[in-house]
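Quick notes on the structure that follows.
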Protein chains: 2
Amino acid sequence: MLEELTSEYIREVWQILPPHLKPTTFQSTFLLNKALDADVTVASETLQVTGSFKFRAAYNLLSTVPQDEVITWSSGNFGQAAAYACMLLNKSCTVVMPTTSSKAKQAAIQAYGAQIEFVDTSVKSRSERVEEVKAERPNAFYAPPYDHYRVVAGNSTLGKEIFEKLHTEDRRLDCVICPIGGGGLISGIIVARDLLAPDVEIVGAEPLLGNDAAQSLREGRLVSLPAEPQTIADGTRTLSLGNINWEIISKGVRRIIEVPEEDISGGLRTLYACANLKVEPTGALSVGAMLYQPDTFRGKRVCCVVSGGNVDPEVYAGMLQGTGF
Amino acid sequence: MLEELTSEYIREVWQILPPHLKPTTFQSTFLLNKALDADVTVASETLQVTGSFKFRAAYNLLSTVPQDEVITWSSGNFGQAAAYACMLLNKSCTVVMPTTSSKAKQAAIQAYGAQIEFVDTSVKSRSERVEEVKAERPNAFYAPPYDHYRVVAGNSTLGKEIFEKLHTEDRRLDCVICPIGGGGLISGIIVARDLLAPDVEIVGAEPLLGNDAAQSLREGRLVSLPAEPQTIADGTRTLSLGNINWEIISKGVRRIIEVPEEDISGGLRTLYACANLKVEPTGALSVGAMLYQPDTFRGKRVCCVVSGGNVDPEVYAGMLQGTGF
């Protein structure tokens, strides 16, 4: 599907999609720069429609499909985004979710009028459960959360905002750090970078506990984990990158930082204390990468992408108090 | 000082001040409207410079004074704002703070290079301690946190943003709900309302535990509390409104909602869960007022002003878990 990602198509999405989105929230503070010893701007998707970048992808994908019924799977954010997009587009929506998913994400999906089908991933894989649900609903459109060119194109609108705002004639950006789960977001950022700012490095940030993308980059082939990783960053509990995402990432990224759990929590606390941002653990990966490898970024002009903000209050409270990882 | 608040002066501030500020953060979500059963837009100052609206006031005041030394008193947010404004303006800054002040606010004030003078308000009043510090620094400018026309004018820039964005030809606003401590913020909003949107009601939101403004409105005279109120909303632990603020509020506000502590916490949790906003207890007063008096606002188009986001992680975690009030 890569050949469908032409610059004409991408630029068309950049025209059509933004009226349905909120612009990302750029935040930079004296305290954050001091804490990270760099010139940092956060591009936060916590205030995006449905609280994460996923709405960019879901709306771009689902606004073009003719079916009235949609099935997807998600640890929560793509589910919320698809559920709300379906509500706006008058479609019905079913989301396959792990039983371990965030309660906040489950509640939001139900508030948006979608149905949840649970899967206990210690017993059955997500994909098996998805196949069952598909068989029950043969007329439904199956919406992949990251492995689709329209998903990547939707996410590229965030990259456009970042490069147009931060990478200007008189102020150049050194790098963008971006969380990696299935790879949908970072591949969108890469696509935008290739069009708008080819000299800016994009660095991946992945939990050490679920480092399939880093392994893939080292081995030069798409590596799958044997089981869902038990990282606190629930948005990255994927077995592997998507195929299209891997193709884009393998060409577009040279470094993926494998962030230990304590630096994910540290990133979350830093964004709380120094930028007044409530972020979910996955959203803290970029700042966590800076805490883990401060020498790599010292003095640089860095954009940290915060992917979303949906997190259960108990989990968040525990992480704020340093007991949550 | 009211005669100095001419529309010419206000409009001059609206020209000069905004380049030094961040625009407020407007947030509206399906989940928040559902939770509050109204058409709600939050105007959040949590991402403002120094994390609260106070920077609008502090910078407008301090950028015009000739002295190199500044003294102020604050439970934290005006102190942070004054400290950072002084750093930008190359002035030295001393902040008189209660010993019970938020640790996060203390740390930020020190990070901005200011000095803190503590006062144990169970032993000595804030104003006594301020007089002592003034006597030690006779050449310093004393910066009042709310009772000054330049403070009100600075805060009016938030009102301008709200009315220009939300009160348009085709979409009218029914009311703005605004927290009240010393009254600096709400008087700025009233001044802007009188110029831009005279038909929009402004409703005050004050902790029931520190309801001096509501008492003042009932009695038609400026009422002072006998001691600092022990509300969780630390930004409102003032004994009374300022004189200039009372003069503006007594003419510009008809209703002040006295919000119980549990609805302040409820407001904080609602903004966490439905809008992904990390707010401080004082910042949650407007939404707390809606939770406390749902019938008053049902179906209305409401702007909830969130004054700031600076809160200790332990306090915030406790309030998220429902144990913090």
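A note on names: the letters A, B, ... follow the listed sequences, proteins ahead of strands, and every chain is numbered from 1.
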If you count heavy atoms of other groups shown closer than 6.0 angstrom to NZ of A/K22, is the number above 12? yes

Contacting moiety of A/D312, where chain B heavy atoms sit under 4.5 Å: backbone

Need one label for B/A275: side chain, backbone, both or neither, based on atoms under 4.5 Å from any heavy atom in chain A. backbone

Parallel, tilted or perpendicular, as decided by the 30° and 60° cut-offs, for the rings of B/Y59 and B/F55: tilted

Using non-hydrogen atoms only, which part of B/A104 is less than 4.5 Å away from chain A: side chain, backbone, both, or neither? neither

Aromatic ring proximity, centroids under 6.0 angstrom, B/F78 and B/Y146: no

Answer whether the closest heavy-atom distance between the side chains of A/I116 and A/T94 falls below 4.5 Å. no

Taking A/G309, A/P313, A/A108 one by one, which has the highest count of heavy-atom pairs under 4.5 Å against chain B? A/P313

Would you please say whether a donor-acceptor pair under 3.5 Å links the side chains of B/K105 and B/N310? no

Taking atom OH as the centre, does B/Y292 end up with more than 12 heavy-atom neighbours from other residues, nucleotides or ligands that are less than 6.0 angstrom away? no

Take the angle between the ring planes of B/Y112 and A/F30 and call it parallel below 30°, perpendicular above 60°, tilted in between. tilted

Report yes if the side chains of B/S102 and B/V311 come closer than 4.5 Å at any heavy-atom pair, otherwise no. no

May I ask you to list the residues in residues 33-54 of chain B that approach chain A closer than 4.5 angstrom, counting heavy atoms only, ordered by number? B/K34, B/T46, B/L47, B/G51

